[in-house]
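Per chain, numbering begins at 1; letters A, B, ... match sequence-line order. All values reported here derive from a predicted model rather than from experimental measurement.
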Amino acid sequence: ETGVTQSPTHLIKTRGQQVTLRCSSQSGHNTVSWYQQALGQGPQFIFQYYREEENGRGNFPPRFSGLQFPNYSSELNVNALELDDSALYLCASSLLGLDTEAFFGQGTRLTVV
Amino acid sequence: KQEVTQIPAALSVPEGENLVLNCSFTDSAIYNLQWFRQDPGKGLTSLLLIQSSQREQTSGRLNASLDKSSGRSTLYIAASQPGDSATYLCAVRWYGNNRLAFGKGNQVVVIP
């Protein structure tokens with residue numbers, strides 16, 4: 001158990017809808033990163049949050065947005081869902097700037113139909 | 001371009017054999033490298049973290065080596081067991097970059 005929890009574990013949405021995924025980081029960690037993993041691929045970096053501010057972003061469109069809260073938990077929001085957004089979404093928590101490991105949650109499986 | 005490659009994509013070994021998994025990366029200016037295990041449909045479990053100043057890390061039956069100059073890391077799993085069947089992912093963090101860049105993984109099946 002890593003202490004990183006994600007919710008929900010699975011959900012199904014219709015194309016065009018909006019979705020919010022949630023992540024509680026490991027105790028003591030101040031940084032949350034989100035990754036998208038398509039079937040058979042390695043995870044791709046979406047963005048990172050530190051002190052409630054976006055601290056780096058991967059090659060994802062603006063309809064992917066996020067929040068980090070004072071308790072370091074985080075949300076990933078995706079608007080105008082497309083079929084290609086179907087993937088496993090992973091949250092990772094870590095300490096910024098230190099040589100520590102990134103710990104991942106169990107992921108949220110999103111299916112867009 | 002900074003990339004991480006893991007070959008082969010899939011492999012099978014008989015139980016008891018040693019597993020050797022390779023990870024290669026472009027650009028030797030890495031901050032650290034982390035090996036993960038992923039079971040089907042599940043999240044990532046961290047196995048080993050190697051800092052750029054280290055040559056290897058060990059945990060139980062697992063040993064990971066790092067050769068920055070050649071852009072390679074190798075994960076050794078001694079005396080493989082059926083429970084070691086999973087996908088193993090290598091991830092690199094480069095200097096000046098706060099993200100992990102992943103390979104596509106090695107899908108391992110240990111045959112009883």
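For a residue to count as touching a neighbouring chain, one of its non-hydrogen atoms must lie under 4.5 Å from one of that chain's; by this rule B:Q6 does not touch chain A. For a residue to count as touching a neighbouring chain, one of its non-hydrogen atoms must lie under 4.5 Å from one of that chain's; by this rule A:Y35 touches chain B with the side chain only. For A:Q37, the part lying under 4.5 angstrom from a heavy atom of chain B is the side chain only. With a 4.5 Å cut-off on non-hydrogen atoms, B:L100 touches chain A through its backbone and its side chain both.
Atom CD of B:Q54 has more than 12 heavy atoms from other residues, nucleotides or ligands within 6.0 Å. Environment of CG in A:N71: crowded, with over 12 heavy atoms of neighbouring residues, nucleotides or ligands closer than 6.0 Å. In A:R51, the CZ atom is not crowded: 12 or fewer heavy atoms of neighbouring residues, nucleotides or ligands sit closer than 6.0 Å. Within a 6.0 Å sphere centred on CZ of A:R15, other residues, nucleotides and ligands contribute 12 heavy atoms or fewer.
Inter-residue side-chain proximity for A:S33 and B:N98 is flagged as unmet; no heavy-atom pair is nearer than 4.5 Å.
Linking ILVMFWY side-chain heavy atoms closer than 4.5 Å, directly or via other members, places A:L110 and A:V78 in a single hydrophobic cluster. By the criterion of side-chain heavy atoms lying less than 4.5 angstrom apart, applied directly or through intervening Ile, Leu, Val, Met, Phe, Trp or Tyr residues, B:F102 is not grouped with B:L21; the two fall into different hydrophobic clusters. Under the 4.5 Å side-chain heavy-atom criterion for Ile, Leu, Val, Met, Phe, Trp and Tyr, B:L75 and B:L11 are members of the same hydrophobic cluster. Grouping the Ile, Leu, Val, Met, Phe, Trp and Tyr side chains by contacts below 4.5 angstrom, directly or via other members, places A:L90 apart from A:L21. Hydrophobic clustering, with ILVMFWY side chains joined whenever heavy atoms are under 4.5 angstrom apart, groups B:V92 together with B:L47.
Residue B:D39 holds its CG atom at 13.0 Å from CD of A:Q106, rounded to the nearest 0.5 Å. Here the CG atom belonging to B:L44 is positioned 12.0 Å from the CZ atom belonging to A:F103, to the nearest 0.5 angstrom.
For the pair B:S46 and A:A102, the tightest heavy-atom approach, listed with the atom from each and the gap, is CB-O, 4.2 Å. The two atoms that bring A:G42 and B:L89 nearest to each other are CA-CD2, 4.4 Å, heavy atoms only.
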Pair B:Q34-A:E101, side chain to side chain contact (heavy atoms under 4.5 Å, CB included): steps then yes or no: CA-CA 8 Å; B:Q34 198 166 350; A:E101 291 176 80; 3.5 Å; yes
Let's go through B:Q38 and A:L88 carefully: what are the C-alpha distance in whole Å and the side-chain angles of both, what is the deciding distance for side chain to side chain contact (heavy atoms under 4.5 Å, CB included) to 0.1 Å, and is it a yes or a no? CA-CA 12 Å; B:Q38 186 174 34; A:L88 182 68; 3.7 Å; yes
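Between chain B and the residues A:P43, A:G107, A:G56, the largest count of heavy-atom pairs under 4.5 Å involves A:P43.
Of the possible polar contacts, one joining the B:R99 side chain to the A:R57 backbone as a donor-acceptor pair under 3.5 Å is found. Not one N or O on the side chain of A:Q41 forms a donor-acceptor pair closer than 3.5 Å with the backbone of B:K104.
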